[in-house]
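Encoded as structure tokens, the structure appears first; notes follow it.
Since we're looking at a predicted model, the values are computed, not measured. Numbers restart at 1 for each chain; the letters A, B, ... are given by sequence-line order, proteins then strands. Note: hydrogens, waters and symmetry copies are ignored here, and every other heavy atom, side chains too, is used.
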Protein chains: 2
Amino acid sequence: MVELIFIFKEWLYNFVKEGVLMQLYNTSQYAIRVLNFIANHSDNRLYSAKELSEVLNIPYKFLTKIMGILVKTGFISSIQGREGGYELNKPASEIKLIDILNTFNDDTDNESCILGIGICDSLNKCALHDQWMEPKSLMRKMFEETTLNNLTCKDCKL
Amino acid sequence: MVELIFIFKEWLYNFVKEGVLMQLYNTSQYAIRVLNFIANHSDNRLYSAKELSEVLNIPYKFLTKIMGILVKTGFISSIQGREGGYELNKPASEIKLIDILNTFNDDTDNESCILGIGICDSLNKCALHDQWMEPKSLMRKMFEETTLNNLTCKDCKL
DNA sequence: TTCAATTACTACTTAAAGGTAGAATTTAAA
DNA sequence: TTTAAATTCTACCTTTAAGTAGTAATTGAA
């Protein structure tokens with residue numbers, strides 16, 4: 001019954017306009033999911049774009065575009081040709097979430113203002129500066145300190 | 001000297017690609033700034049779009065569009081014609097930031113997933129769920145509990 | 001009554017994220 | 001050697017947020 005309710009909620013969710021309170025880019029989300037999938041599979045083998053696209057339910061053509069960026073920026077290396085695919089280029093413990101976000105411009109320097117008024121610091125605040133400080137720093141800390149091997153999670157959604 | 005450095009930083013900032021780690025829509029930012037400005041000015045008078053646009057440095061035409069939405073959704077009321085303008089429709093203490101964000105779809109239900117995989121809760125987690133819980137709830141709490149009269153701030157940037 | 005300052009409305013343009021198409025290149029297996 | 005499965009590259013299309021343009025409607029002051 002609980003299972004049924006969940007399936008219904010999932011289905012219903014497709015019709016609900018998705019809000020974006022402080023969300024990541026789709027590209028960042030995809031990149032994190034792909035890298036996490038490769039990193040946290042014990043078998044040391046290559047993963048093809050086709051397989052990743054199917055398992056993670058990411059549009060194939062869009063995925064290959066993202067994979068190209070991840071190769072160029074050194075997160076993964078690729079083997080071309082038949083039986084080819086992708087593998088991590090460095091240990092999972094050395095890949096921070098913040099680095100992935102930075103790759104897709106999905107980051108901001110620590111002083112940029114939540115209300116969009118240039119630079120915000122203790123001397124030049126926007127009206128929301130004080131209230132925003134704590135949630136912001138916690139969030140940044142999370143992205144800066146979490147690496148792919150902190151994400152190991154049995155039975156997590158992919 | 002400190003002042004000079006700040007001006008330089010502000011100027012430099014215009015050339016830096018602005019990142020968007022968990023940012024608000026421009027519309028939301030503008031709306032918060034406008035409502036905050038009207039709410040936290042002691043003189044009980046009407047504010048024209050022209051004045052708001054100049055003081056807050058928001059494109060006039062874009063501002064009037066946003067003001068129209070704020071009127072329709074009941075945050076402010078408008079007086080048309082010469083000497084007309086806008087004023088708050090209810091006490092500042094009754095306007096929560098989260099309500100402003102909701103108006104511009106800049107919000108998400110509490111269960112939506114940071115990695116974009118439908119619904120996330122303790123039974124169906126994404127790989128980042130546990131790490132994201134605390135920063136997220138702090139952030140939501142801030143937007144839900146902060147009202148316009150909590151924002152009173154002398155010498156704050158407008 | 002005229003006029004200028006204002007809001008309100010409709011439609012369009014621009015910029016950037018999200019996503020797609022197709023063909024070239026690479027390479028191991030058959 | 002051929003072929004099929006893979007990455008790579010370039011160019012395009014779609015969607016949405018952001019911003020602009022022009023005009024109609026309203027109304028108080030001169």
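Sequence neighbours left out, not one pair with a member in residues 66-85 of chain B passes salt bridge (Lys or Arg N to Asp or Glu O under 4.0 Å). Sorted by first then second residue, the salt bridge (Lys or Arg N to Asp or Glu O under 4.0 Å) pairs that include residues 46-61 of chain A, not counting sequence neighbours, are A:R45-A:E51, A:K50-A:E54. Applying the salt bridge (Lys or Arg N to Asp or Glu O under 4.0 Å) test to residues at least two apart or on different chains, none of the pairs has a partner in residues 86-105 of chain A.
What separates CZ of B:F104 from P of D:dT16 is a distance of 18 Å, to the nearest Å. Taking atom CZ on B:R82 and atom C1' on C:dT1, their separation rounds to 14 Å, with Å as the unit. Separating the OH atom of A:Y86 from the C1' atom of C:dT26 is a distance of 12 Å, rounded to the nearest angstrom. Taking atom OH of A:Y25 as the reference point, atom C1' of D:dA17 lies 11 Å away to the nearest angstrom. Following rounding to the nearest Å, B:M67 (CE) and D:dG19 (P) show an atom-to-atom distance of 16 Å. When the C1' atom of D:dT20 is taken as reference, atom OH of B:Y30 falls 13 Å away, rounded to whole Å. Note: CZ (B:R45) to P (D:dG28) measures 18 Å, nearest angstrom. Atom CD in B:Q23 sits roughly 12 Å away from atom P in C:dA17 (whole-Å rounding).
Panel note: side chain B:T146, backbone B:M142; a donor-acceptor pair is recorded below 3.5 Å. A donor-acceptor contact shorter than 3.5 Å links the side chain of A:N150 to the backbone of A:T147.
Taking CD of B:Q131 as the start and NZ of A:K141 as the end, the distance is 12.0 Å to the nearest 0.5 Å.
Listed candidates were C:dT7, C:dG18, D:dA18. Nearest to the side chain of B:N26 is D:dA18. If you check C:dA5, C:dT7, D:dT7 against the side chain of A:S48, the one that comes closest is D:dT7.
In this structure, B:V34 and B:I58 approach most closely via the heavy-atom pair CG2-CD1, 4.0 Å. Heavy atoms only, all atoms of each residue included: A:V71 and A:S78 are closest at CG2-CB, 4.0 Å.
A heavy atom closer than 4.0 Å to some atom of DNA chain C occurs in A:Q80, A:G81, these being the qualifying members of residues 68-81 of chain A. Against DNA chain D, the stretch residues 50-66 of chain B makes heavy-atom approaches under 4.0 Å through B:P59, B:K61, B:F62, B:K65.
Listed by chain and number, the residues in a ring-ring contact (aromatic ring centres under 6.0 Å, His included) with A:F104 amount to none (sequence neighbours excluded).
Between A:T27 and the phosphate of C:dA17, there is no side-chain N or O to OP1/OP2 separation shorter than 4.0 Å.
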